[in-house]
Every structure is written in structure tokens, then in C-alpha cells.
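This report concerns only the one structure given below.
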Amino acid sequence: MTIDNPSALETDLAALVGNKGVIPIAEAQPMLEEWRGRWHGAPVAIVAPSTTEEVSAVLKSCADKRLAVTPQGGNTGLVGGQMPTNGEVLLSLKRMNKIRSVSPLDNAMVVEAGVTLAAAQEAAEGHDRLFPLSIGSEGTCQIGGIISTNAGGVNVLRYGNTRDLVLGIEAVLPNGEIWNGLSTLRKDNTGYDLKQLFIGAEGTLGIVTAATLKLFPQPQEKVTFFAGLKDAAAAVRLLAKADTASGGAVTSFEFIDGPAFALVVKNIPQTRDPLSETYPTYVLGEFSSGRKGLLEPVVEAFLAEAIESGDVQDAVIAVNETQANALWRMRHALSEAMKPEGPCLKHDVSAPITCLPDFLRDAGAAVSTHCAGARVIAFGHLGDGNVHYDILCPENVKNEDPDGIFDTSVRQKIEAAVYDVIDRYDGSISAEHGVGLARRDEVAKRKDPVALSMMRNIKSVLDPDGRMNPGKML
């Protein structure tokens, strides 16, 4: 439906959520700009309900008016899934920011969709529990967005991604019905696991308003190390050795290629290389344990053996939390370190861990055929096969005509080349950032037709009018 009188629509929405719940479009520019500037929002109205009942009322009203709705969390998404691009109602969850309950004995807590990841972590820590999901935007991203994109992060190896950390959800369906699935049960074999439909659905089936999150005991010891290696194959071997040596205590195992790390040292103030020489490949790893004093000698022995075998060229172990935080800062600053280097083509891919060295080799060769001198920046979560495979413009054109070197034709050719290599190794073109606008067409071309048909059938049942986050994913 086309709205001829947006002011009247805002008045109708204000009657449902109060004047504080309607945000004038002219005052909401940060909500309408994807942080890299790739997509710009064009909503017909912006509404921010404060309760599940208000979300329900808004969706029912939009259904009656046949208006499409795009939900938005912290606006940290990287594929445009949070952007209303064609006159939708933008529904922000930012006012739904309550911690409803924390139960240490159940190892569970119930939080609303607008709670930031950092606030959820702090709430768990206040009860001597751990919510282990950790990503670079955790101070800004919100639980609803994390669930909608099935976010991963640096601790997937030990704790799993979002799909593994959600016990239950509360969601509002496109017609305004409220589904209360906020269970703390670990076992419920009474039918389809409906919460999994909404995890990773990017708001295309309904709006997640709250979730029951899985908690864990706080680790009593952490050991963080940083190592230089000769190649990615050595990193794959090192991961297997680390897991065996520690008895499964590896929490994080991050891969950083040499060019990526060089940009951090170059462009991020107050960072320095903790090793005495530069290397083609680096690994940042962390071990954790529920008991103190168990891991440090294990990690020391493991690294000494890896150096003797030649898999590790040099390594340092953080001696305190300050040093560990400094190492992690370098990892989390990678995206920031690339910004001064000109246009960047970003890919979020995954492959079987043993195939990653071959993927990196073959993808690099494929990229070079379409853009001579393009700089490959590869890093990511080696423990779950997820690589952020980014392409920077050649150094010699960075300050001349950087946009010209990556025109639409070249972008499309490079993206297709990278995805073709991923397909060759039975990987995924979206590991943790989602599909959104950025990868919708590629998913339609590359995903199994039967799987696509099943997804579309589910969409047609729950959202028969196609009003929930239209144009995204499917």
C-alpha cells in the first residue's frame, strides 16, 4: 500500500506506542545509513515500540494497511538486512532493552531484543555466569539482530554460534500474533523446533522480541598466545595440536594473514608487533578452564613442541590481562585498519577447515586475474572455517582513482570468482554476516534448489503477503 499522508501514519503509530515511540525521519539519519555507506534507508515511517504488546499492535496495524516492515537492531549489519530501501515502516527494537531475568541455577537468562550484547554479557557476569558470544560490535549490536543473523564471533569453536546459545525466543508474527517460546528447557521433543526458524531469518518471518540465552560458568583461567607461522597449512595443523594438547580447552583460534596484520600495525595507533620478525601467517589463540593453574604449563609445552616441529616460527604468551587485551585489540581492529586503504570488497565465507589453505591459494589466483595488484586481506575464525576474505584496491591507485579500479563490472567478476572457489570446496558464501541485500541474488543462484523451495514455502506460510523485510534473503 502506498501512503499518501505519512503524517497521518505517524499519528496512527503514536496512538499505539506513544509519542516517544515515533521517530521523525528527519531526525533519524544514523538509523538510515549503513556504517560503510553502501545502503541508505528510505522508510515511510520509523516506530520504536517499548513492549512486545506494542510490537504486536504495530504489526497488526501494518497488516491491516498492507504496509511492509523492516526490523532494525543496532544497525551494525554488514549485508544491508536492516535497511528499509523501498518505503517500508522501519521498526526499531532499541527501546526494548530490559533484562527480564537471570537464573544462575538454570544457566539461563531472558533478555529483550534491544539489549546490547555487551549489556547481556555484563548481566551474566553479575551473576558469576558467562554469555560467551563475542564480536567486535558487541557494545552496539543488539540481541535481536544477533539472533536474526545467527552471529558467530571469536568463541564459536568452544561454545557454538548464536543458534547454539538460544534456548527459546518470543516473536511477533506478521499478523500481530505473539508466540511465547521463552523456554529454559534443554530437552523438548514435542515437535518442530520453531525457534530455529527465526534464528538466522533476518526478520523475514516475524520479529524476535525477547530470547532465553544459554549461560556458562565463568572461566577461572585464560591463556592467550600470539604466534607467527610460515603458512595457513601450519595454522590448520596447529589448531588440531592445540585442541589435543589442551583436552578441548581451546576457546578461540583466530587466523590473520601477514598483509592484514601489517595494516593493523601501520594504521592503528598504539599497536606494535609483539614478535621480533614478520611472518606470512599469524594465529591468535585463547584457552580457558574452570580451574586455575592448569593451562599455562600445557600451553607453554604445546608451543615449545610446535616451534620444535616447525609449525610455529615464534610465539608469545600474554603474561597478564592487559597484554591479552592488547593482542585482542589488534584482532578486533582489522576492519578499522583497512578503512584508510581505499575501497574494499568484503566476503564472509566458510569452508571445511582442511580446505582453507587451498581456498586461500586458489581464490588469490582468481582475484589477480580480474584486478592486477589487488591486495588480499584474509582473517577470521579458523576454528570454524570462517574467513573474512577482503580485497583492497592496488596500492598504486589508492589515492588516485580507487573507485574506478573497482567499478561494477570488476566487483561482480571478483565476487563471482571468490564464490566459485568456495563452491568448489563445498563452502558457504555467507558464514556469519547473513544474506540481506548483498548476497540475496548469489544465494538464489548458488543454493540448492530444493532448499530454496523449502525456505520459500516456509516464508509463504508465515508471511503470505511478503511484508516482512521484503527484498532480503529470498
Next item on the list: Please confirm whether the backbone N or O of A249 pairs with a side-chain atom of R158, one donor and one acceptor, at under 3.5 Å?
Entry: yes
Check: In terms of side-chain geometry, is the basic nitrogen of E33 or R38 positioned less than 4.0 Å from the acidic oxygen of its partner?
Finding: no
Item checked: Heavy-atom side-chain proximity of K230 to T281 below 4.5 angstrom -> no
Checklist line | Steps toward salt bridge (charged side-chain N to carboxylate O under 4.0 Å, His left out) verdict (E254, R331) | finding: CA-CA 8 Å; E254 298 292 291; R331 164 61 182 88; 2.7 Å; yes
Notebook entry, point to check: Roughly how far, to the nearest 0.5 Å, is OG1 of T212 from NZ of K195?
Noted result: 9.5 Å
Check: Has the side chain of D348 got a donor or acceptor atom that lies under 3.5 Å from a matching backbone atom of H433?
Finding: yes
Notebook entry, point to check: Cut-off 3.5 Å, side chains only: do E34 and H40 have a donor facing an acceptor?
Noted result: no
Notebook entry, point to check: Any donor and acceptor pair, going by atom type alone, linking the side chain of Q121 with main-chain N or O of E138 inside 3.5 Å?
Noted result: no
Next item on the list: Determine, for R375 against E395, whether the closest basic-nitrogen to carboxylate-oxygen distance falls under 4.0 angstrom.
Entry: yes
Next item on the list: Walk me through it: do T85 and L437 pass the test side chain to side chain contact (heavy atoms under 4.5 Å, CB included)?
Entry: CA-CA 10 Å; T85 57; L437 290 166; 3.7 Å; yes
Notebook entry, point to check: Between the main-chain N or O of L295 and the side-chain N or O of E221, is there a donor-acceptor pair closer than 3.5 Å?
Noted result: yes
Next item on the list: Report the C-alpha separation of L215 and M109 in whole Å, then their side-chain angles, then the decisive distance to 0.1 Å, and conclude whether the side chain to side chain contact (heavy atoms under 4.5 Å, CB included) test is met.
Entry: CA-CA 7 Å; L215 304 181; M109 67 177 178; 4.0 Å; yes
Margin query: Between K266 and E341, does any side-chain N to carboxylate O distance fall below 4.0 Å?
Written below: yes
Next item on the list: Output, in order, the C-alpha distance, side-chain angles, deciding distance and verdict of side chain to side chain donor-acceptor pair (under 3.5 Å) for E286 and T224.
Entry: CA-CA 4 Å; E286 185 170 278; T224 304; 3.0 Å; yes
Margin query: If we ignore hydrogens and angles and just use 3.5 Å, is the side chain of E202 paired with the main-chain N or O of V435 as donor and acceptor?
Written below: yes
Item checked: Atom of E432, atom of G153 and distance for their closest heavy-atom approach -> OE1-N, 2.9 Å
Checklist line | Atom CZ of R272: over 12 foreign heavy atoms under 6.0 Å | finding: no
Item checked: Test item: S288 side-chain N/O and K222 main-chain N/O as donor-acceptor pair under 3.5 Å -> no
Margin query: I need the single residue from H347, H332, H388 that forms a ring pair (Phe, Tyr, Trp, His ring centres under 6.0 Å) with F379. Which is it?
Written below: H388
Checklist line | Shortest non-hydrogen contact from S252 toward N155 | finding: OG-OD1, 2.7 Å
Note to self: Please report the interatomic distance CG(L133) to NZ(K214), rounded to the nearest 0.5 Å.
What the structure shows: 12.5 Å
Checklist line | Shortest non-hydrogen contact from T116 toward G139 | finding: CG2-O, 3.9 Å
Margin query: Testing F261, F253, W328 one by one against F226 for a ring pair (Phe, Tyr, Trp, His ring centres under 6.0 Å), which residue passes?
Written below: F261
Item checked: Residues, nucleotides or ligands: over 12 heavy atoms within 6.0 Å of E321 CD -> no
Margin query: Applying side chain to side chain donor-acceptor pair (under 3.5 Å) to T76 and T140, what does each step give before you reach the verdict?
Written below: CA-CA 7 Å; T76 60; T140 308; over 6 Å; no
Next item on the list: Would you check, one step at a time, whether the test salt bridge (charged side-chain N to carboxylate O under 4.0 Å, His left out) holds for E336 with R329?
Entry: CA-CA 11 Å; E336 182 184 351; R329 179 172 179 261; over 6 Å; no
Checklist line | Evaluation steps, side chain to side chain donor-acceptor pair (under 3.5 Å), between E88 and N469 | finding: CA-CA 8 Å; E88 302 93 341; N469 216 3; over 6 Å; no
Item checked: Heavy-atom pair with the smallest gap, counting every atom of T162 and I199 -> CG2-CG2, 4.5 Å
Next item on the list: Could you tell me whether the side chain of N150 and the main chain of R163 form a donor-acceptor pair under 3.5 Å?
Entry: yes
Item checked: Closest approach of C371 to F406 (non-hydrogen atoms, all atoms of both residues) -> SG-CE2, 3.8 Å
Next item on the list: Assess whether side chain to side chain donor-acceptor pair (under 3.5 Å) is satisfied between Y425 and D362, documenting all intermediate values.
Entry: CA-CA 10 Å; Y425 290 107; D362 295 349; 2.6 Å; yes
Next item on the list: Kindly give the heavy-atom pair with the smallest separation between L205 and L197, and that separation in Å.
Entry: CD1-O, 3.4 Å
Margin query: Can a side-chain donor-acceptor contact be found between Q218 and R129 if the only test is distance below 3.5 angstrom?
Written below: no
Margin query: So does G364 get a backbone contact from the side chain of Y389, meaning a donor-acceptor N/O pair under 3.5 Å?
Written below: yes
Next item on the list: Check whether the side chains of Q82 and N75 place a donor and an acceptor atom closer than 3.5 Å, and report yes or no.
Entry: yes
Check: Taking 4.0 angstrom as the limit, do D420 and R446 come out as a salt bridge?
Finding: yes
Next item on the list: Using a strict cut-off of less than 4.0 Å between a Lys/Arg side-chain nitrogen and an Asp/Glu carboxylate oxygen, indicate whether D441 and R439 qualify as a salt bridge.
Entry: no
Note to self: How about NZ on K413, more than 12 heavy atoms from neighbouring residues, nucleotides or ligands closer than 6.0 Å, or not?
What the structure shows: no
